[in-house]
Amino acid sequence: MAQVRQQYRTYSQDAVNRAVGGIQKGEFTFKGASKQFGFPRSTLQDKVKGRAPVVASSGPSATLTQAEKQLLEEYITKMSKIGYGLTKRQLLDEVQTIIEKDGRPNPFKDNRPGRDWYQRFLRRHPNLRERISENLGKERAGVTEEKIKQVV
């Protein structure tokens with residue numbers, strides 16, 4: 001017999017905040033807010049009484065915080081601007097270092113994210129791209145601004 005996956009409804013965070021705030025201010029009853037915003041009354045009761053977080057997302061919690069992800073993205077961008085783009089391995093090493101220093105629990109084997117995490121990270125940060133570097137011949141590498149001015 002096949003299992004049926006439970007369907008979870010998603011609600012606009014703004015609507016949840018308005019409904020919970022309205023109940024707490026006395027503007028709505030649980031039943032009234034339920035009708036107006038289309039949430040189950042029990043969901044609103046759980047959020048107002050602290051049994052469920054007001055801000056919630058489905059799925060497992062993220063391994064890195066939003067601030068850590070932002071710093072990691074900035075670090076990658078700065079390194080590439082100065083000509084030292086990180087390889088996939090170096091990025092995963094950085095994440096592993098962050099996790100090990102903190103000692104936090106994580107779902108990774110040996111505290112190191114894998115290929116799937118890496119691909120999802122790039123998908124969530126569209127301004128980061130995976131590129132293959134090109135080796136320069138000694139003629140191109142030896143070009144300086146002064147040499148160009150001499151030719152012109």
Side-chain angles (χ1 to χ4, degrees), residues 1-136 140-141 143 145:
M1 187 165 156
Q3 286 185 340
V4 177
R5 267 184 102 156
Q6 183 175 357
Q7 292 286 327
Y8 290 98
R9 289 193 243 168
T10 56
Y11 308 108
S12 148
Q13 189 59 52
D14 183 49
V16 170
N17 292 339
R18 288 191 323 230
V20 169
I23 292 169
Q24 289 172 337
K25 291 177 187 172
E27 297 171 0
F28 300 112
T29 63
F30 286 109
K31 188 175 182 180
S34 174
K35 283 184 178 180
Q36 174 141 356
F37 293 99
F39 305 137
R41 185 180 42 80
S42 60
T43 299
L44 291 173
Q45 287 174 331
D46 289 344
K47 290 185 181 298
V48 170
K49 294 181 180 182
R51 291 187 295 250
V54 176
V55 178
S57 62
S58 60
S61 59
T63 305
L64 298 177
T65 65
Q66 199 61 36
E68 289 170 333
K69 290 177 195 173
Q70 183 66 32
L71 284 172
L72 194 58
E73 183 178 356
E74 290 171 11
Y75 173 68
I76 294 167
T77 304
K78 286 178 184 177
M79 291 299 285
S80 69
K81 284 183 181 178
I82 62 170
Y84 295 102
L86 296 179
T87 65
K88 173 183 173 182
R89 183 180 195 144
Q90 290 169 325
L91 172 61
L92 297 179
D93 286 344
E94 289 295 325
V95 174
Q96 184 177 14
T97 302
I98 292 169
I99 292 170
E100 286 177 346
K101 279 185 179 178
D102 230 14
R104 68 181 84 165
N106 63 77
F108 306 132
K109 181 180 178 184
D110 299 327
N111 293 335
R112 183 179 177 81
R115 181 181 70 228
D116 292 340
W117 182 91
Y118 174 75
Q119 290 171 344
R120 288 190 306 267
F121 180 79
L122 290 180
R123 209 175 314 139
R124 287 189 303 267
H125 299 88
N127 60 329
L128 299 178
R129 293 281 182 251
E130 192 172 19
R131 295 191 178 165
I132 299 172
S133 63
E134 183 179 326
N135 291 331
L136 295 177
R140 286 182 60 199
V143 175
E145 188 176 344

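Residues: numbered from 1 along the sequence shown.
Between I98 and D102 there is no side-chain heavy-atom pair separated by less than 4.5 Å. Between Y118 and E130, some side-chain heavy-atom pair lies under the 4.5 Å cut-off.
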Run the side-chain donor-acceptor check on residues 14-22: report pairs under 3.5 Å with partners two or more places apart or on a different chain.
from : atom 1 : to  : atom 2 : distance (Å)
D14  : OD2    : R18 : NH1    : 3.0
N17  : OD1    : Q13 : NE2    : 3.1
N17  : ND2    : Q13 : O      : 3.3

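Ring orientation note: the planes of F121 and W117 are close to parallel, at an angle under 30° on the 30°/60° scale.
Atom CG of N111 and atom NZ of K101 lie 14.0 Å apart (nearest 0.5 Å). Interatomic distance, CG of L44 versus CD1 of I23, reported as 4.5 Å (0.5 Å rounding). With values rounded to the nearest 0.5 angstrom, T97 atom OG1 is found 11.5 Å from Q90 atom CD. The CG atom of L128 sits 8.5 Å away from the CG atom of L91 when rounded to the nearest 0.5 Å.
Scanning all heavy atoms of the two residues, the minimum distance from T29 to G32 falls at OG1-N, 2.9 Å. In terms of heavy-atom proximity, V95 sits nearest to P113 at CG1-CG, 3.6 Å. Across L92 and G114, no two heavy atoms sit closer than the pair CD2-O, 4.3 Å. Listed here is the closest heavy atom pair of E94 and L72: CB-CD1, 4.2 Å.
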Test side chain to side chain contact (heavy atoms under 4.5 Å, CB included) applied to D93 and R112, step by step
CA-CA 7 Å; D93 286 344; R112 183 179 177 81; 2.4 Å; yes
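The backbone N or O of F30 lies less than 3.5 Å from no partner atom in the side chain of S34, so there is not a single donor-acceptor pair.
More than 12 heavy atoms of other residues, nucleotides or ligands lie within 6.0 Å of CZ in R51, so this atom counts as buried by the packing criterion.
Within the structure, every pair that satisfies the salt bridge (Lys or Arg N to Asp or Glu O under 4.0 Å) test and touches residues 66-89, not counting sequence neighbours, is listed here: E68-R104.
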